[in-house]
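Each chain gets a letter, A, B and so on, in the order its sequence line appears, and its residues count up from 1.
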Protein chains: 2
Amino acid sequence: MSLSGPSVSAGPADPLVWDSVRDRLHDRGLRWTPQRRVLVAVLAETRGHVTGAELVERCRERDPATIPSTVYRTLDVLEDLGIVRHGHGPDGREEYHVLPDAIHGHLHCKACGSTWELEATDVTALVRALDDEHGFEVDLSHVTIVGRCRRCRD
Amino acid sequence: MSLSGPSVSAGPADPLVWDSVRDRLHDRGLRWTPQRRVLVAVLAETRGHVTGAELVERCRERDPATIPSTVYRTLDVLEDLGIVRHGHGPDGREEYHVLPDAIHGHLHCKACGSTWELEATDVTALVRALDDEHGFEVDLSHVTIVGRCRRCRD
DNA sequence: TTAAATGCAAAGGGTTTGCACCGGA
DNA sequence: TCCGGTGCAAACCCTTTGCATTTAA
């Protein structure tokens, strides 16, 4: 488990992954537009998870003319490409995970609102048990476990 | 884990629990109104989980004059009494769990949409590991794990 | 009597949709 | 040229809030 702060942490991502987005769109006959460039740029400096609304907001910082529906439609496309995944956060909102090759879930403290990443190794036993006993295949990227963190338990 | 069907299963609950609601409200200086009677009656024949919207709908079946805000406000009160709990389902909506004395989470198949209850024993290892390693106390009633069930994995 | 609860209406928030126009390839 | 994308606006859905009115106790 790694601390990721109350909401989201950001940092530069592997440029190669993002450079390829254009080509992957072209391969499918889809287009590389200025609006998509903005969203991809935003995603490239995002680590962890963000809500759709947050992405809209960040795109607007780069291009005030950003339209929400365009962002959401592009997110759909990028999800098809496997570049983002979406799940639902503790507040029930759409939550996007960037670069799901580092698949993880989330731990959320309902007392202080902090969120931590939950790595695959943390839930190995659960994943294996559900598979063995019920044949259920867990989609970890979609998991958010709510509770209280150590500090808030006092 | 117990099968609960694609959405919700219903059945008669322990009458004693529901009879006491009136008294528990009175103990707090709160009131036993016709509208609350309707909601409690609906909850009494509900097992598992329901969304707020579903509860509004079922109340309307009994009393077409049902107002959503009243239902949601009463749900808040009942949550204070520990009679329901709420979390967030796979679609991100408010989801209420009835009679949390049988606390459980949920398994949701994103392929067929079925939902199963996840009992405490299914996640013992996870709960213990998170506690031991990170001091995190899991609120199982808030957990929904998404993935694919045995049938849909083919 | 009187604080709690209701009804109504309106706002709220994030997300989705329809449709005419625009513009990458 | 032509189909995919965009902008805009409106719709959507569930949920929450404010406020005057009603009602349980």
* Rounded interatomic separation in angstrom, taking CZ from A:Arg31 and P from D:dG7 -> 14 Å

* Asked: In whole Å, what is the span from the CZ atom of B:Arg73 to the C1' atom of C:dA4?
  -> 11 Å

* Do the charged groups of A:Arg62 and A:Glu45 touch, with an N to O distance under 4.0 Å? -> yes

* Does B:Ser69 get its side chain close enough to the base of C:dC8, under 3.5 Å, for a donor-acceptor pair? -> yes

* To do: Pick base, sugar-phosphate or nothing for A:Thr33, based on heavy-atom distances below 4.0 Å to the nucleic acid.
  => sugar-phosphate

* Could you check how far CZ of B:Arg60 sits from P of C:dT6, rounded to whole Å? => 15 Å

* **Position toward the 5' end of DNA chain D (nearest nucleotide), B:Tyr96 or B:Trp32** => B:Tyr96

* To do: Measure from CG on A:Asp23 to P on C:dA25 and round the result to the nearest Å.
  => 11 Å

* When the distance from CZ of B:Arg36 to C1' of D:dA24 is rounded to whole Å, what number comes out? -> 11 Å

* Asked: Closer to the 5' end of DNA chain D via nearest nucleotide, is it B:Arg22 or B:Asp76?
  -> B:Asp76

* Asked: Atom CG of B:Leu78 to atom P of C:dA5: distance rounded to whole Å?
  -> 11 Å

* Structure fact -> In terms of heavy-atom contacts, A:Asp63 and A:Thr66 come closest through O-OG1, 2.6 Å

* Structure fact -> Whole-Å distance, A:Arg28 CZ to C:dA25 P, equals 17 Å

* To do: Measure from CG on A:Leu30 to C1' on D:dC3 and round the result to the nearest Å.
  => 11 Å

* Asked: Could you go step by step and tell me if B:Leu78 and B:Arg36 meet the side-chain contact (heavy atoms from CB on, under 4.5 Å) rule?
  -> CA-CA 10 Å; B:Leu78 295 180; B:Arg36 291 184 172 176; over 6 Å; no

* To do: Would you tell me if any nitrogen or oxygen in the side chain of B:Gln35 comes within less than 4.0 Å of OP1 or OP2 on D:dT23?
  => no

* Do the side chain of A:Arg85 and the main chain of A:Glu79 share a donor and acceptor less than 3.5 angstrom apart? -> no

